[in-house]
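The structure appears below as structure tokens.
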Amino acid sequence: MDENSKLKGGPDVCPGKRGQLDLATVKAEIEETSGPEYWRSLEELAGSDEFREMMHREFPKGASEWLESFSRRGFLKTMGASLALAGLTGCTKLPDTVIVPYVKQPENLIPGKPMYYATAYTLGGYASPIIVESNMFRPTKVEGNPDHPASLGGTDVYAQASLLDLYDPDRAQTVTYMGDVRSWTAFTEAVRGPISVQKGIAGAGVRILTQSVSSPTLAGQIRDYLKANPQAKWHVYEPINRDNVNEGAKMAFGEVVETRYDLSKADVIVSLDADFLYAGFPGNTRYIRDFASRRNPDAEMNRLYVVESTPSSTGMKADHRLPVRAANIENLAHVLAAGCGVASSATPSLSDQETYYVMAASKDLQDHGGSSVVIVGDHQPPALHALAHQINAKLGNIGKTVFYTEPVDANPANRNQSLHELVEDIRGGKVDLLLILGGNPVYDAPAELEFASALKSNAVALKVYLGTHNNETAVLCQWHVPEAHYLEAWSDARAYDGSASIVQPLIDPLYGGKSAHEIITILAGQPGLTGHDLVQQYWQKQHTGGDFETFWRKSLHDGWIAGTTYAPKNVSAKGISPQRSQPADANAIELNFRRDPSIYDGRFANNGWLQELPKPLTKLTWDNPVMIGPAMASRLKLSFKDVVEVELNGKKVKGPIWIQAGHPDNMVTLFLGYGRTRAGRAGTGTGHDAYPLRTSQAPWFASGAKLTPTGEIYNLASTQGYQTMETPDGSDRPLVMETDLEEYKKEPAFAKEGEVPKELTLYPAVDYSKEMYAWGMAIDLNACVGCNNCIVACQSENNIAVVGYEQTLKGRHMHWIRVDAYYQGDRNNPKGYFQPVPCMQCENAPCELVCPVGATVHSSEGLNDMVYNRCIGTRYCSNNCPYKVRRFNFLLFQDWETPQYKMMRNPDVTIRSRGVMEKCTYCVQRINEHKIDAETASVREGKDVRVGDELKTACQQSCPANAIVFGNLNDANSAVNKWKAQSRNYSLLAELNTRPRTTYLAEVRNPNPELKPESQHERSAG
Amino acid sequence: MQIFPRSSNNIARASLVIVAVVVAALGWVLWELERTPYVTNAGVRKPQPVPFSHQHHVTGLGIDCRYCHTSVEVSSFAGIPPTKTCMNCHSQIWTNAAYLEPVRESFRSGKSIEWSRVNQVPNFVYFNHSIHINKGVGCNTCHGPVDKMPLMYQQESLQMEFCLNCHRAPEKYLRPREQVFNMRYEQPANNPLHRNLVSVNGHDYDDQIELGNALKDLYKVRSVKDITSCNTCHR
Amino acid sequence: MATQTPIPVEVPKEDQRVPVIEPGHSFATIGEKVSNIVLRRPVSLGWVFGFLVMFSGMNMLLFALGYLFMKGTGIWGITIPIGWGFAIINFVWWIGIGHAGTLISAILALLRQSWRNSINRFAEAMTLFAVACAGVFPLVHTGRPWLAYWMFPYPNSMNYWPQFRSPLIWDVFAVSTYGTISLVFWFVGLIPDLATLRDRAENPIIQKVFGLLAMGWRGSARHWHRYETAYLLLAGLATPLVLSVHTVVSFDFAVSIVPGWHTTIFPPYFVAGAIYSGFAMVVCLAIPIRAVYGMEDFITARHLENSAKVMLATGLIVGYGYFIEAFMGWYSGNTFDSFLLWNRLHGPYAPWYMSLLISNIFIPQLFWLKYFRTSTFWLWILSLVILVGMWLERFIIIVVSLHRDFLNSSWGMYYPTKWDWMTYIGTIGMFLTFMWLFVRVLPMVSIAELRTLLPEAHVHEAEEVHK
Amino acid sequence: MSGTTALENPVYGLMAEFDSPQELLDAAHKTHSAGYKDIDAFSPFPVEGLADAIGFHKNAVALVVLICGIIGGLSGFLLQVYVAVITYPVNVGGRPNFSWPSFIIVTFELTILFGGISAAVGMLALNGLPMPYHPVFNVPAFSKASDNKFFLLVSSADPKFDAARTREFLKGLAPRAISEVPS
């Protein structure tokens, strides 16, 4: 049959695997051939500009059209080329570009075995140190760097998903001038003139606009250029910036400092609107690790107070959460400060509940002087940050839980101000040559600047944009140079603790992208210098004593440069007590702007993994809602799906309502980053754009918004059906077992109530104890902070398809692990829980019993195998799965066409095709890899080598909170056994007697005895 | 009145028999067809850019498998030799043989020779060479008499039933690890016509099953239950 | 069988029931009346028009399936958690309908219900077509229908076989067995009538065709003797079979752990439901057919009323099933079961559940009144209502149970798409297309069996005559 | 047509035509008790006691069905055992390989299937069908045998058969007509 044959040859192919043979030969021949003639050959193959131009002629201009007339042929050519180029990066032993692989990397590559390289991913100037897995020189997976203090093996969702950006088929493919294809040489020729002119006038007309830069090399380059051309200016802008933090520091210390926390030593944490447990907050990966490490009820447990405006995953983890409008948080802070003995200029009046709460909190803080910390959110005004510094100082936390260092940011200038100046200069005709290095200011600049119009006006003679996509900004600049992805180019960056990492490429630029470094070399008139040269030169200067080569290799190998971590510096808080800003009108509706949890400021709009990543609280995908609280909704008679118009000083945006439990009353939250017009196939046109309402006067929250229903209806695609454990009929389901510390001490085994005795079955139980391995998993609900990392990690590891808005709306998303969020109690201030749900790998698996063709059966090691190639797709297994963890390919969800995706996929995991059921496999490909290694070893060495805890599943490995542990239940000392031995251990829906291999450690909160939640409810009710 | 001629009775009965026969035949044909080279590619000699003869290189020159298939002991993928490997010798000998031109061309241009793949399992099957080699499965157990193949071809069907034959009874096929790459290896035999001893750790075996069981213990071969679990090959 | 229970020639006074065959008929007239529909009656415009309508319905089905094979099951409304939708609903519905025929011919035959003789033939045909419609779904609802043959055990190069613990495999065997046996049963019943048609036909081609089908049946006493044994045995085998089929179908649900599926009452109440809908369909077809083809003499008010009584009885059993389901939901105290009950009554699909109760339980109570049992119009309407009701029952069981099961986080909603509807309506078109053809090419009532109902068909004990 | 046309072989038999099942039944009794053994009776529907009347009492259909039914059941059960226990035993949801309760249904269905098919096929086979051609069809009136006429046939193969005397005997049964059946 046709489909049949197609099936044999087609869909079940794993492109990666397919590729192996050819790749192997390419690699091998690259490996063996020696220098020069090899170079020539690659030039012929792909290097030369002629080739590129010829190839790119196939792409019509203008992203919008070429999305349709997407030339496969052209792409395959590129791929052919870049594959070879990829090889080049990997293994030619060219002296000047040695890449030192990580631990497992063999001296020269073994085909079929992955290699691991240390590098760093940068967001908002802060580097996340990572290890990248490379299969046949194709980067296929991002992991955290276990040896780096800023990661300890964990990552955040953006780092995980950055891999997809590398292979994004919508990336800019070529240098363009006014939309026409040009070559890189053509560009350098074209700008040489203007640059030399500028040289004459000390660069008076030169403006460089970058995003936050923490790369010492790049900063150095720019500074050198500015030294040579004193009139030139360097502007920095980023919409999600830390202006308030820096201003606050100036206010307190007279200088900008980096504030770093050590949460592992903090017994009491008070967060004033700080979402420090979610990606995007500098250092969050480490903070999550430290925070989670103190959530073990059997050890010293910390206590978290969160006063927040827009509900966040951090708030959901709080032992005491207080929803307050953003503007009112300052008031609380002053009372808190007073309570902690900080002389406060004002003592504003608070509601009973607030006072009650703040008093308890401040008392708790004082009881834990030196072992507590107050953290303030980036979007709270400077004064508040200054106040927090004083409180921390007063509590004696400085040097214990709070540290001040040099700013990580190389140019901590005020972002909005900096952009203001630039726009003034442009309007004033002072700018002749504008270099925009990354970012997308046309889309995300403060509304009042009207950056787009400024750019459109021909005031600027020459506008050059370096960017990965042909986006809103690119079309307004004459020259667009495709920016190299961080896995394609050399650079360096600093982590939140100041430690510098070398960003080393794993693959040559797929589309000849260039890095900011290279652009600056053109500007500085030092062409030919590669990123590698620059970075190496810079560190050569920094390096003192010792053999540089070994230092360099070590730095690359470890993933960071030893001794670059900033030492804490002593700064003294000035006595001045910060004045509080005018209290906002209590009746006016407050409008909040927040970065989107998934697509940040909009830069990830075209990243399918992130677009489809359910946002931690709402579980929304592909859209940004207009978020309001339950009270407000009932007052305004608004319900889900209603589309409303939000108006602020005459500017309007339209968006669908989302009623979020725990959202403060009389306040609206808009999320930035959506409504892109030139993002690409995934991002364009999703959601609504909130930037037009956002001004530099009120970048985070403004008062006096208007909400008017439009009568339209819009369906938001949320992946979670129902968000409380209490069913509509009023009964409660024991899904997340939870209690507080006191109760726990009294009854440690409280979670086990549902458990069924083993003998409660008609059948003789299968005995796994004789097997060499019995795989199992335990998930600590106390540690899990709902950061979503596991979802993206799993998606990347297991080649999970992205299905898009419509399919997600139908409930057909494909994530193998999901993080359920449940609310309990008062809707205006509920308790929140996160529960990651992978396949439970039940020993009495209901799914297996009903499969007519035996496509899902048990392995001898207790794995619930899913054999895709046997599956005929009756979906019976999914119906019969009480945990609903099975995912079905209702349509052809996998992209078989786009060559980039073929390169990206994990060669060890079958690509599932249409009509096939799939689900979490406990990363069976990793299990088998480790088993085979162990067995070959045991044969070679003649002793019994077994797989131990070094085997990690993708979700476990990337988890910053260490909330997931996986291992061999037949190994008495395995970590998973230790966890399962704990009294908190329980299995989900135990009464069904499915005997899950995945169990949970029940959640235990640590409320302040003086601040019992129930009494709090009474008040909020009153 | 009579509608049908006298003969129709026999025709009727005959036709019944014919139908039965046809149905049976059809079943048999399908059964066979599933196993023909047309489906399995077994024994099919595919055109190669260079008429490389394993027979010549292995039997004639006595080159070891691992000289070219470098990663076979350590990786899932045995490794296809880079052009350089060919050139190691062919830069000295047969330097201007016409049929070696593709090799030289590839070496000059840096474009790899595109061999057509001979031994192939479906893409949802994850076969790992290293584990088989290390547990004493000989090359020619699956690849057949490569040393007698002027042009490479796939010996076995490589269908699931083929793999299961061994996974269900490894003892029938295992051999001492040092014999894995030996193309001339014979299984131990002890019958009036032929007697062949294979010695492991000083002990001589004249029966494959005995040998196999001994090796199973020695090489810690996992239980049949383990190696017939689906995820052994399908992920 | 029938002939072994002679109906008294003169109807006893106390028995005022309408006879199962109107007086004034002879062996010849029966044969004539029935076979003339096939052999003599000209093709009417109305018939052609109706056929075209039904046939276009059938083609809509083919179109919908074609698109399904191209795109995948994603074109339907199914999703996670509602993995089964219209496909399985229709499957169960059709299979249920397919129960009447064999039940009438088998069970009623064993129970010596002579009134079955005139309705069994087209009831059996109806069964065959219904099963054919049902058979479409298990096949096409799979994600990879071109591999559905893996559900049959056959030696293969994978050395891998079906998983016989799965109710779906039981289904495969039950349904295919049922289809085959029904076909055999139906054909065996046809043989003597085919002979009649052969002998009555004038057109030589038609003669040959029926001649071949009749296989040279000549009504020899020996033939009849073996024939009756075989027929009796078939009836004996078909009776447990017909009961087993819907029991097995109900296992698809009862064996699972889904609240609302996992219940032991399913087998009996599925079977009752099947007979319920089956008879409804029989009546739906019988009423127009007898009107159009003047079969009132053979399909009398007696038949219709009896069918109505059967519907009333089975309807009550089904009602009892619903009640027990609800009762257990409350009585078990199991949070999931009790929520299921709540969800049916108050959940998003409450209106569907209500209309189910109304059309399946309350309205059919009208059958207590003789008026509704005998008025063909009302009988027809009520049968339609019951058919709808039984479809709703399957909808409730499948969709409402699945859409809110164990984990609140995984709840969902089911919205059928136009493709769902096209497939469903398409099968109805297919079903009626077959019926349309059947009534024209084969005797729609069993001539031979009708003849046995005539008084003159009954012989006295030979010996008495002899002396 | 007349039976004498066929020269090389004798007539197949003599056939008497009756109007009602009752007459046929009586005639059959008489003929049989008169010593004719190789006789047959034809009716458009089953007439009770007719088979007995012509001395045909037992048939083998039931036996065939029994045997085939048992074969079907066994093969069904053994197939499942072979698949689940012998050829490829796998752990399915922690159930034992030999989970016989799950095997009952298929066993049952196959019993019915084999039994049912054998009932029909056996009946036809024993009746020697299909047999599109048969001498009796040569009698023009026989086309009514499937309608409203009833026939009694005395085969020429019967030892007691004698064209003339048998015709006389049949006349005595007061049939509507007697015709010779050419073979």
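In the text below, chain A, chain B and the rest are named by the order of the sequence lines, each starting its count at 1.
Both the backbone and the side chain of D:Ser43 come within less than 4.5 Å of a heavy atom of chain C. Neither the backbone nor the side chain of D:Leu66 has a heavy atom closer than 4.5 Å to any heavy atom of chain C. Contact of D:Phe137 with chain C is made through the side chain alone, with heavy-atom distances under 4.5 Å. At a 4.5 Å heavy-atom cutoff, C:Tyr178 makes no contact with chain D through either its backbone or its side chain. In this structure, the portion of C:Pro162 lying under 4.5 Å from any heavy atom of chain D is its backbone and not its side chain. Neither the backbone nor the side chain of C:Glu32 comes within less than 4.5 Å of any heavy atom in chain D. Looking at C:Ile191, the atoms closer than 4.5 Å to chain D (heavy atoms on both sides) all sit in the side chain, from C-beta outward.
For CZ of D:Arg176, the number of neighbouring non-hydrogen atoms (other residues, nucleotides, ligands) closer than 6.0 Å is 12 at most. For C:His262, the NE2 atom counts as loosely surrounded, since its 6.0 Å shell holds 12 or fewer non-hydrogen atoms of other residues, nucleotides or ligands.
Most heavy-atom pairs under 4.5 Å with chain D, from the set C:Ser176, C:Gly236, C:Ala448, C:Ala174: that is C:Ala174. Of the residues considered (D:Thr87, D:Val136, D:Val92), D:Val92 shows the highest number of contacts with chain C, using heavy-atom pairs under 4.5 Å. Your options are C:Phe187, C:Trp217, C:Phe173, and the one with the most heavy-atom pairs under 4.5 Å with chain D is C:Phe173. Of the listed residues (D:Pro44, D:Ala60, D:Gly76, D:Ala62), the one with the most heavy-atom contacts under 4.5 Å to chain C is D:Pro44. The greatest number of non-hydrogen atom pairs below 4.5 Å with chain C, out of D:Ala145, D:Ser102, D:Pro101, D:Ser20, is found for D:Ser102. Note on C:Leu241, C:Val184, C:Val172, C:Val188: by heavy-atom pairs under 4.5 Å with chain D, the leading option is C:Leu241. Between chain D and the residues C:Pro167, C:Pro240, C:Ala238, the most heavy-atom pairs under 4.5 angstrom are made by C:Pro240.
With rounding to the nearest 0.5 angstrom, the CZ atom of D:Phe45 is 11.5 Å from the OG1 atom of C:Thr196. The CZ atom of C:Arg200 sits 5.0 Å away from atom CG of D:Asp147, with the distance rounded to the nearest 0.5 Å. Taking CH2 from C:Trp224 and CG from D:Leu50, the interatomic distance works out to 11.0 Å, rounded to the nearest 0.5 Å. With rounding to the nearest 0.5 angstrom, the CG atom of D:Asn148 is 9.5 Å from the OG1 atom of C:Thr29. Rounded to the nearest 0.5 angstrom, D:Tyr88 OH and C:Trp161 CH2 are separated by 14.0 Å. Rounded to the nearest 0.5 angstrom, D:Asp19 CG and C:Glu456 CD are separated by 11.5 Å.
Between D:Val90 and C:Gln163, the closest side-chain pair of non-hydrogen atoms is not below 4.5 Å. In this structure, the side chains of D:Pro46 and C:Tyr227 stay at 4.5 Å or more apart for every pair of heavy atoms. D:Phe56 is listed as a side-chain neighbour of C:Arg226, based on a closest heavy-atom distance under 4.5 Å. Taking 4.5 Å as the limit, every side-chain heavy atom of C:Thr177 sits out of range of all side-chain heavy atoms of D:Phe108.
Panel note: side chain C:Arg165, backbone D:Asn97; a donor-acceptor pair is recorded below 3.5 Å. Looking only at distances, no side-chain donor or acceptor of C:Trp170 sits under 3.5 Å from a matching main-chain atom of D:Ile104.
The contact list for residues 109-135 of chain D toward chain C, using heavy atoms and a distance under 4.5 Å, reads D:Glu109, D:Leu110, D:Ile112, D:Leu113, D:Gly115, D:Gly116, D:Ile117, D:Ala119, D:Ala120, D:Met123, D:Leu124, D:Leu126, D:Asn127, D:Leu129, D:Pro130, D:Met131, D:Pro132, D:His134 by residue number.
For the side chain to side chain contact (heavy atoms under 4.5 Å, CB included) criterion with C:Val459, the lone passing option out of D:Leu25, D:Leu24, D:Asp26 is D:Leu25.
For the pair D:Ser146 and C:Ala195, the tightest heavy-atom approach, listed with the atom from each and the gap, is OG-O, 3.8 Å.
Residue pairs satisfying the ring pair (Phe, Tyr, Trp, His ring centres under 6.0 Å) criterion with at least one member in residues 158-183 of chain D, sequence neighbours excluded, are listed as follows: D:Tyr36-D:Phe169.
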